[in-house]
Amino acid sequence: MAESSSSGNGKETEVPDPLARTYSQQSEEPSVEEEKDIAQAQLRKHDDDSDEIDEIRPSNGDQRGDVEKRTELERMKSYATGTSIVSTTATTVPHQKEKPWYKQPNPLRWGKIPPVPKERKVCPEYKASFFSTMFFHWMGPLMQTGYKRQLEFNDIYSVNPNRAVDPLTDKMRDSFKRRVANGDKYPLLWAIHETFFFEFWVGGLCQLSSAILQVMSPFTLRYLIQFATDAYVADQRGLPVPHIGTGLGLVFGVTAMQVLQSLGTNHFIYRGMLIGGMARASLISLIYEKSMVISGRAKAGGAELLTDGSVPVIGEEVEKVDKPEKKKKKGKKDKDVPAEGKAGISGDGIGWGNGRVINLMSVDTYRIDQASGLFHIIWTAPISCVITLVLLVVNLTYSALAGFALLVIGMPILTNAIKSLFIRRKAINKITDQRVSLTQEILQSVRFVKFFGWESSFLKRLEEFRSREISAIQILLAIRNAIMAVSLSLPIFASMLSFITYSLTHHNLTPAEVFSSLALFNGLRMPLNMLPLVIGQVTDAWSSVTRIQEFLLAEEREDEAVFKPEAENAVEMHDASFTWERTPTQEADVTADGGGPGGGPKGPKNGGKDESKVPTKRPSSPSGSGSGEDASTLVEEREPFKLHDMSFEIGRNELVAVIGTVGSGKTSLLAALAGDMRKTQGEVVLGASRAFCPQYAWIQNTTVKENILFGKDMDKEWYAEVIKACALQPDLDMLPNNDLTEIGERGITISGGQKQRLNIARAIYFNADIVLMDDPLSAVDAHVGRHIFDHAILGLLNDKCRILATHQLWVLNRCDRIIWMEGGKIQAIDTFDNLMRDSEGFQQLMESTAVEEKKDESVVGEGVPGDNGGKSKKKRKGKSLMQTEERAVSSVPWSVYTAYVRASGSILNAPLVLILLILSQGANIMTSLWLSYWTADKFGFAEGIYIGVYAGLGATQALLMFAFMVSLSIVGTTASKAMLRDAITRVLRAPMSFFDTTPLGRITNRFSRDVDVMDNNLTDAMRMYFFSVGSIIAVFALIISFFYYFAIALVPLFFLFLFATSYYRASAREVKRFESVLRSTVFAKFGEGLSGVACIRAYGLKDRFITDLRKAVDEMDSAYFLTYSNQRWLSVRLDMIGNCLVFTVGILVVTSRFSVAPSIGGLVLSYILGIVQMIQFTVRQLAEVENGMNAVERLRYYGAHLEEEAPLKTIEVRESWPEKGEIVFDDVQMCYREGLPLVLQGLSMHIRGGERIGIVGRTGAGKSSIMSTLFRLVELSGGRITIDGLDISTIGLQDLRSRLAIIPQDPTLFRGTVRSNLDPFGEHTDLELWSALRQADLVQDEVSVPAHSDNDGGEISSSGTALPPSSPTSAQQQQGRIHLDSVVEEDGLNFSLGQRQLMALARALVRGSQIIVCDEATSSVDMETDDKIQATIANGFRGKTLLCIAHRLRTIIGYDRICVMDKGRIAEMDSPIELWKMEGGIFRGMCDRSGIRGEDIRGAKEEMGSFLT
């Protein structure tokens, strides 16, 4: 039973009960469920919605936040929704005013409301007395505060110093090291044992004593019943009666045993859980420390000692590989992740990529935590079984063995049956993963699905998955219910068997033996059910211990540089060579980014952007070998990149640029200096401290200020200078709290350029003498780059040694020297002038890049100050872009329950299930009553009749129980299916503004986590709850029917029970909530540290980060341990109530020994002993049910309360519309959501049918908004749009969107086939699809339609390079080999970017619509693909109306007219040549910047004409 306690009793909802107050809780915290999900789903969606979560901060946080308090608490940042803990918990509940006591009916609320303490107190357990510790009385003050007002963060006691992470980790580390040195076999296991030795065995003794007592009290019943029998018989026969004192003594004895047993159990669980928590804390700390120093070789899975490069892998690993998939969070693809431990390399270990380390820290430590809670049951359960058997033999002689044999045979069979469920569960998980990933794909590209009007097609696909999933789940639950019904009935059958054997072997059934044995058999249920569970947990934990141990023993890296502060140069290298570690194949990169069944999707919006889209600019892996267009389709073993024979010296205040083509080793050289590459020969001498500015800025999840200070003390003047030099002031002014604004995790709330500048500011502020900068100017605009170069690199840093890897050639002539790299070697080191004079290669390099620069520069929308990111537009929308999640206040309303029942098909299902429950409980009681009639021979039947009826009743109750369980689970899953269908339909019909303001993670969370709860946990929780409540009521009814005085005792005890639970839940919910928030902080910190290892190492701040993590772990534990003591507080008190009931019944049996037959007394006593445990269980299950109903409520909110778009169909639209494609915008005004400024302000234009219009303008000028209005993604605020004379606001969305075609900016592909991507509804023939593919140049003309020819020779890859025939690229992915049935992976990652662009084009061609909107892709596809796309657009859309939103001017200067947008209005509109002639016009300015001349425009016009003729 204890295992359910760990899942959090009264989380977050309240029982409607007479004593509880109702809050108006608006403290909008992320629900505990979600938090738990985050912690347990292991940050798997780390990347999911990095764009979406533009810092979701509930607005009330801002008004309240005095900013200082926020910074001090910013460590507690929650990672689910980015709400900081201040806003998470500071109550918006007005503190209750004190009422005079006579107006307050509840005496517990008398007295004043405790104020919030100024600072946190140390946990009182630290100094508590023996009795206080024994009864958990020290929790009292906290519980009382929690009952009178909502708990605040400062109410939570700080962690007990004996349980803090620092001393324990140090102790564990020392023990571990000592044991490794001694060559022990399992050093980590014994180190854990040594660290927690005392508490561990105290818990063991508690459990042993309570196990023995648990067996002894039913045995003592025998004497109590015997006493009652003797008295009854003596009274009947008029003999002298035994003295009442004997009976009372026995009652007191049984009660005392129960009390001691309950205390023993509680302390055993408490100690076990605590050890689990403490071990987890220490292990997290050890893992983090190790991850800071693990060598690159170990990380990549290279062998440390074995010569052949193989690593002894522990057998466990194999099954592990599929687990991280689901539980994996891919850290930032930083340079220090040479291997993402998943794709094994031939002859190589799996490696410790970030995903695997996160896995250790989350899954594995959690398993150890879980297992230590109930560990001692492993040896105490067999002991108690043996004692029980002995006592049963004493009671029933050898007949007991018959029943016992049934248990011994039955249990293993059941355990095996349960194992078969795991296999089914795995299969179900696969379907669930498919459903969830499809849901995620749809939601990520929901804008796209809407543009094409494809909602119904996707709903159909989801429905198919869902039906398969639900029917599989129903079968699984039915089997499981059968197993449960049998296992619950086993003790009944066992006792039945024994009693039948006993009576058949000519013994007389006496109440004393029979009911004492019945109680013993019932007592066996617990240890027998717990044992397999605990064994399972312990074996899991054992594999986790070995895994963690393997990680802790992995090779560590030494800093290979020699520090010589007195050396004259800052950096010297003598014949040094370096290597990266072997990288796993490219496949791994694709999955690591979150493809794979359960990983977070790698959407077009997320961090994966860099790698996939900018093949020309950036090394795809540490080895720097450019990934090329088709990296995703080529899978080959890559030699790790090496640097050879580096020899150079750099003075203490020199500025040295490192240049070279892509993949020449610039980044690697800096990484080598930062200590990230393994040195294979030579020496490196550093003369000073270093600061490192990696290419991918690593930003911490704290305030901007903290990010810049990076652990240094604040020096105001220096800080101000740094900010100025990095041009950060204007950006800070834009942020809501200036430099105290929190940056979301991984730098979410700021754009790429701002991240890069923060990165530089941090390096400068750190004031190290060697500053390594890896292409720091790549993500910032040219003029900002110049500012930084002048003021920061040449300004503040002018007396430091600066090493700058760069592509920006304008900086070269201002550098002291240049290191020119080529293929991992130094080509030359010299000054700019010498190189220009002497080296032809260098001159060519300068020229070729100058051309490239030009191509890059001609990007329209260049004018945004700050960065290239269009993100800044999003930033300014105001402080709180994201809506705070609507949250259930206090308990779940009844309407949710009725909606749930209705969703299952009919409201009558509920009474049906209840009737089954009542019948099965009735049969249960009848079985035992019959036994008591039989022992008393009440009806005088023959033996055979008693036996027959007894067996029949037993079987009936098992069947009824099964029927009840199955009906409940079918009702539940049907409801879940219906509710999910409604919710997903409604969400897909929601307007775009809903998706703009709701982070993706939150929606998918509802569709994965909440649905999972409804499918799998809710019916279970309900079953157990109803079942235990049913049993309790049945037993009480039984007792009252014979001993009516019992009712008098029951009333006060019932109220005590209600009071204890509501008292407990008031504070438990809050503590649990803090624990979740604080746990997310630990996870976020851990993940963040992992992804920034390179930075942390280079700055030498390892210790600071470790201390920081430990602080976070202690904060988490402070709440985590309180959740345990909270539960125990309740358990001890509920057990007391239960023991009072036992006492009452005992006394009643003794006092009415003359009037009530002893067989009834025995029956009642044996039942009441079993009830004590039930009482606690009920409270827990109620909490579980309410948590489950929360999920229902949240899903129902989506299914019933979301706003919807306009209807899909309104009036009938003629088939051929639009014939001409003439579009008229008439004074169009539009804003994205109410309360936001207008984005289009009175836009009017008339586009003739078949005309080609180019739309240009800077970022945020309203270009894309035109598109949104045309497709009615956003409804107009004013004005109207007509197409061929039809006002588009009058027709159904489906009709409108299906008649327009769009080529979106991100070429979105869905998992499936090429056919399902081009034509999801199957409306077109294969011929049409092939012709579209051919027009889009995805298949060559000479390929025959079926395209099955297989040539044996080499094949041509999509980038045109010949591949050897053995290359694993599947034939279909080749250019001439794209089939309609070619498989498309998630996001189309198995196609190159160019192919995806062309596919988007083919899609528009298939539509064959008269109006095409083209949002030109900004992503840099190579020139060749670009030309193809332009040619196809010119050719394929002949005679159609084309609106093209352009980012590069060259693509549209041949169009009929160009519309220049500015601030939501049309600034200029005319033919390109006319606009070019307007001196000083916006368009002319753009042309001049991009180097476009008049003849270019004329040439383009002619070229376009030649296409059209």
Side-chain angles (χ1 to χ4, degrees), residues 439 442-443 445-463 466 883 899 902-903 978-998 1003 1006-1007 1195-1219 1221 1223-1226 1228-1234 1236 1239-1240 1265-1302 1304 1319-1323 1407 1409-1411 1413:
T439 313
I442 297 172
L443 292 176
S445 324
V446 68
R447 169 170 263 126
F448 184 87
V449 174
K450 287 186 178 303
F451 275 142
F452 275 85
W454 280 355
E455 294 97 335
S456 49
S457 153
F458 280 114
L459 285 172
K460 205 160 81 233
R461 274 167 68 186
L462 273 177
E463 189 67 22
R466 187 66 179 149
Q883 294 169 349
R902 280 218 173 84
M979 292 184 94
L980 175 66
R981 191 182 53 228
D982 296 348
I984 196 113
T985 313
R986 192 78 178 237
V987 165
L988 281 186
R989 297 278 300 114
M992 269 323 288
S993 59
F994 167 73
F995 295 97
D996 292 337
T997 55
T998 313
I1003 307 177
R1006 294 208 181 178
F1007 289 146
L1195 204 61
R1196 179 169 172 257
Y1197 174 82
Y1198 274 7
H1201 303 299
L1202 286 187
E1203 49 176 336
E1204 292 188 276
E1205 288 187 303
L1208 292 177
K1209 288 256 184 280
T1210 47
I1211 54 174
E1212 280 304 309
V1213 178
R1214 56 183 186 274
E1215 271 300 300
S1216 57
W1217 179 86
E1219 297 84 357
I1223 310 174
V1224 180
F1225 286 82
D1226 180 12
V1228 170
Q1229 296 176 346
M1230 186 272 269
C1231 65
Y1232 277 105
R1233 289 193 304 288
E1234 269 180 50
L1236 292 180
V1239 197
L1240 295 179
S1265 308
I1266 295 184
M1267 189 168 71
S1268 299
T1269 53
L1270 199 56
F1271 282 85
R1272 281 179 65 196
L1273 284 194
V1274 185
E1275 298 291 349
L1276 302 184
S1277 312
R1280 66 190 202 131
I1281 301 176
T1282 57
I1283 297 180
D1284 281 1
L1286 197 57
D1287 183 345
I1288 62 170
S1289 62
T1290 58
I1291 59 178
L1293 290 183
Q1294 180 73 44
D1295 289 325
L1296 170 67
R1297 291 172 184 169
S1298 61
R1299 309 291 172 91
L1300 305 177
I1302 181 168
D1319 179 25
F1321 291 109
E1323 299 166 323
R1407 264 272 150 111
S1409 144
Q1410 189 55 36
I1411 296 177
V1413 180

If only atom types and distance count, is the side chain of [X] paired as donor or acceptor with the main-chain N or O of [Y] below 3.5 Å?
| X | Y | answer |
| --- | --- | --- |
| K450 | L988 | yes |
| W454 | F1321 | no |
| D1284 | E1219 | yes |
| R1196 | A899 | no |
| D1226 | R1280 | no |

Can you tell me how far the [atom1] atom of [X] sits from the [atom2] atom of [Y], to the nearest 0.5 Å?
| X | Y | atom1 | atom2 | answer |
| --- | --- | --- | --- | --- |
| L1296 | K1209 | CG | NZ | 11.0 Å |
| L980 | E463 | CG | CD | 8.5 Å |
| S1409 | L1300 | OG | CG | 5.5 Å |

Flag the pair [X] / [Y] as yes when at least one side-chain heavy-atom distance between them is below 4.5 Å, and no otherwise.
| X | Y | value |
| --- | --- | --- |
| R981 | R466 | no |
| L462 | I442 | yes |
| E1203 | S993 | yes |
| F458 | P1320 | no |
| T1269 | F1225 | yes |
| M992 | L1273 | yes |
| R989 | L1208 | yes |
| F995 | L443 | yes |

Check your understanding: Below 4.0 angstrom, N of the basic side chain to O of the carboxylate: do R986 and E455 qualify?
Key ->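 Between E455 and R986 there is no salt bridge, as every charged N stays at least 4.0 Å from the carboxylate O atoms.
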
Ignoring hydrogens, what is the shortest heavy-atom contact between [X] and [Y]? Give both atom names and the distance.
| X | Y | value |
| --- | --- | --- |
| W1217 | R1299 | O-NH1, 3.1 Å |
| D1287 | I1281 | OD1-O, 3.4 Å |
| T1210 | T1290 | OG1-O, 2.8 Å |
| M1230 | S1268 | CE-CB, 4.4 Å |
| G1279 | L1276 | O-CD1, 3.7 Å |
| F1007 | A983 | CE2-CB, 3.7 Å |

Point to revise | Within the 6.0 Å centroid threshold, strictly below: F452 and F1271 | key: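 No: the rings miss the under 6.0 Å criterion.
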
Exercise for review: Count the heavy atoms belonging to other residues, nucleotides or ligands that lie under 6.0 Å from CD of E1234, then report whether that count exceeds 12.
Suggested key: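 Incorrect, the count does not exceed 12.
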
Check your understanding: Could you walk me through whether R1272 and E1205 pass the salt bridge (charged side-chain N to carboxylate O under 4.0 Å, His left out) check?
Key -> CA-CA 9 Å; R1272 281 179 65 196; E1205 288 187 303; over 6 Å; no

**Study point:** Residue pair Y1198, D982: steps toward the side chain to side chain contact (heavy atoms under 4.5 Å, CB included) verdict
**Key:** CA-CA 8 Å; Y1198 274 7; D982 296 348; over 6 Å; no

Check your understanding: So V1224 and I1283, side chain to side chain contact (heavy atoms under 4.5 Å, CB included) or not? Walk me through it.
Key -> CA-CA 6 Å; V1224 180; I1283 297 180; over 6 Å; no

Review point. Does F451 have R1297 sitting over its ring (NZ/CZ under 6.0 Å from centre, angle to axis within 45°)?
Key: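 Judged by the rule (NZ or CZ under 6.0 Å from the ring centre, within 45° of its axis), R1297 is not positioned above F451.
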
Check your understanding: Between L1195 and M979, does a side chain to side chain contact (heavy atoms under 4.5 Å, CB included) hold up when you go through it step by step?
Key -> CA-CA 7 Å; L1195 204 61; M979 292 184 94; 4.2 Å; yes

